[in-house]
Amino acid sequence: MSGNKNNAKLKLRLRKTETHGMSQHAQTQGLIGRVSVRTPSLCGGACVEVDSDTEAVVNEGFKLGCISCKKRGEVQAIAFIDWFFQASDDSNFSHLYTYKDLKGHIMDQRFSERLKWKGSNNTTDLQDGSIYILNVTNNDKGTYQCIFSRTLIYKTNEVQTITTKNITINVVPQRLASILSEVMMYVSIVGLQLWLVVEMIYCYRKISAAGEEALREINYLAYVSAPCNVISLEL
């Protein structure tokens, strides 16, 4: 009888232990589920506002940087960009460039065919409104103004925001180091071509000399073997 009682008590303890373990496992799984649901996604690209360079070089290209990040990346938005330019000897700004609905337009004829869009591509939710100036001249020195006109689209309403950034550009002569590097590049190219020509001439002469030597050996062997052939014929 005492043995049956002890077995019953042991089975009861095992059942309690299994039940407690299962409840702890369920709580752990529920906690993991809640944590996994509340964890934000880190796959989206980050937007960082970086100041533009301010020194351009004559006859070279120059990027006018203008970045305006949204405060909340998950909010949908539509934006367009307007650039204005005030030359160093002017008192007013003139409309330079506009980018809207995936299309850019040069508004100032002084920059005709010298501006390229370098901002956000394939989207109307613009955050990078940078442009690129080709063949910088001394007349490009002055203040450039970048204006972001953005519409934030919420479920119940829309909010209009405007962000303005000014960039003062100084134009300097072409750097001596840049000129020297270009000269050295062309000198290296010419030197390499001359070396190839000399190497080809040397190889041609070497092959030609080897061919002449082989021809002389063939003629010599033919001459030496000629008397033997005559003797064999006489015999």
Side-chain angles (χ1 to χ4, degrees), residues 42-179 181-182:
L42 300 178
C43 296
C47 176
V48 180
E49 296 189 9
V50 181
D51 293 335
S52 174
D53 292 333
T54 57
E55 186 175 274
V57 181
V58 174
N59 296 328
E60 294 186 5
F62 181 78
K63 181 179 179 180
L64 281 166
C66 181
I67 300 175
S68 176
C69 300
K70 295 186 299 184
K71 301 301 181 183
R72 297 177 59 183
E74 71 276 10
V75 177
Q76 294 183 356
I78 297 175
F80 61 91
I81 314 296
D82 284 299
W83 280 91
F84 295 85
F85 173 58
Q86 181 184 17
S88 56
D89 55 352
D90 289 343
S91 57
N92 297 318
F93 281 93
S94 62
H95 200 180
L96 172 64
Y97 186 87
T98 184
Y99 189 88
K100 186 177 182 180
D101 297 330
L102 306 180
K103 294 181 181 180
H105 301 281
I106 301 173
M107 310 302 293
D108 194 329
Q109 294 304 316
R110 291 175 294 181
F111 291 84
S112 179
E113 298 183 357
R114 290 202 302 125
L115 290 180
K116 285 187 176 182
W117 175 253
K118 285 293 182 179
S120 304
N121 291 316
N122 302 322
T123 179
T124 56
D125 187 2
L126 304 175
Q127 296 190 85
D128 186 353
S130 304
I131 58 176
Y132 192 81
I133 304 176
L134 301 171
N135 299 324
V136 173
T137 66
N138 288 317
N139 295 327
D140 298 338
K141 179 170 59 177
T143 301
Y144 294 81
Q145 188 177 78
C146 170
I147 299 179
F148 268 86
S149 299
R150 177 178 287 130
T151 301
L152 300 172
I153 304 173
Y154 296 95
K155 292 182 179 180
T156 57
N157 64 329
E158 296 182 353
V159 177
Q160 307 287 335
T161 64
I162 295 179
T163 303
T164 302
K165 295 188 177 185
N166 291 332
I167 307 167
T168 300
I169 301 300
N170 184 35
V171 178
V172 298
Q174 195 170 14
R175 296 182 181 90
L176 180 60
S178 176
I179 298 175
S181 64
E182 290 183 5

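This is a predicted model, so every value here is computed, not measured.
The line from CG of Asp101 to OG1 of Thr124 is 7.5 Å long, rounded to the nearest 0.5 Å. For the atom pair Lys141 NZ and Asp89 CG, the distance stands at 9.0 Å (nearest 0.5 Å). Separating the OH atom in Tyr97 from the CD1 atom in Ile106 is a distance of 7.0 Å, to the nearest 0.5 Å. Atom CD1 of Ile167 and atom OH of Tyr144 lie 10.0 Å apart (nearest 0.5 Å). Between atom CD of residue Gln86 and atom CZ of residue Phe93 there is a gap of 4.5 Å, rounded to the nearest 0.5 Å. Remark: Thr123 OG1 to Leu102 CG distance equals 7.5 Å, nearest 0.5 Å.
Proximity of Ile81 to Thr98: side-chain heavy atoms (C-beta onward) are nowhere separated by under 4.5 Å. Counting heavy atoms from C-beta outward, Ile67 and Cys47 have side chains that approach closer than 4.5 Å. When side chains are defined from C-beta on, Phe62 counts as touching Ile169, because their heavy atoms get closer than 4.5 Å. Considering only heavy atoms from C-beta on, Ile133 comes within 4.5 Å of Arg114 through its side chain. Side chains of Lys103 and His105 form a contact here, defined as non-hydrogen atoms less than 4.5 Å apart. Contact annotation: the side chain of Trp83 never approaches that of Leu115 to less than 4.5 Å [non-hydrogen atoms, C-beta and beyond]. At least one side-chain heavy atom of Arg150 sits under 4.5 Å from a side-chain heavy atom of Ser68. Two residues are said to be in side-chain contact when any heavy atoms from C-beta on lie closer than 4.5 Å; Asn138 and Val58 meet this criterion.
Checked against a 6.0 Å centroid threshold, the rings of Phe111 and Phe85 count as neighbours.
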| message | side chain to side chain contact (heavy atoms under 4.5 Å, CB included), that's the test. Do Gln76 and Asp125 meet it? Break it down for me. | response | CA-CA 7 Å; Gln76 294 183 356; Asp125 187 2; 5.8 Å; no

| task | Check the pair Asn135 / Asn59 against side chain to side chain contact (heavy atoms under 4.5 Å, CB included), numbers first and verdict last. | result | CA-CA 4 Å; Asn135 299 324; Asn59 296 328; 5.6 Å; no

| task | Could you go through the side chain to side chain contact (heavy atoms under 4.5 Å, CB included) check for Val171 and Thr137 one step at a time? | result | CA-CA 7 Å; Val171 178; Thr137 66; over 6 Å; no

| field | Stepwise side chain to side chain donor-acceptor pair (under 3.5 Å) check, Gln145 with Asn166 | value | CA-CA 4 Å; Gln145 188 177 78; Asn166 291 332; 3.1 Å; yes

| task | Carefully, step by step, assess Asp128 and Leu126 under the rule side chain to side chain contact (heavy atoms under 4.5 Å, CB included). | result | CA-CA 6 Å; Asp128 186 353; Leu126 304 175; over 6 Å; no

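Listed here is the closest heavy atom pair of Gly129 and Trp117: CA-CH2, 3.5 Å. The minimum heavy-atom distance between Leu152 and Ala77, with the atom names listed, is CD2-CB, 3.8 Å. Closest heavy-atom contact between His95 and Phe84: CA-CD2, 3.5 Å.
A donor-acceptor pair under 3.5 Å links the side-chain atoms of Asp108 to the main chain of Arg110, judged by distance alone. The backbone N or O of Cys66 lies less than 3.5 Å from a partner atom in the side chain of Ser130, making a donor-acceptor pair. No side-chain donor-acceptor contact under 3.5 Å links Gln127 to the backbone of Ser120.
At a threshold of 4.0 Å, the pair Glu49-Lys165 counts as salt-bridged, since one of the basic side-chain nitrogens sits closer than that to a carboxylate oxygen. Salt-bridge annotation for Lys100 and Asp82: absent, with no side-chain N of the basic residue lying under 4.0 Å from a carboxylate O of the acidic one.
The number of heavy-atom neighbours closer than 6.0 Å to CD of Gln160, taken from other residues, nucleotides and ligands shown, is above 12. For Asp51, the CG atom counts as loosely surrounded, since its 6.0 Å shell holds 12 or fewer non-hydrogen atoms of other residues, nucleotides or ligands. The local environment of NZ in Lys116 is sparse, with at most 12 non-hydrogen atoms from other residues, nucleotides or ligands closer than 6.0 Å.
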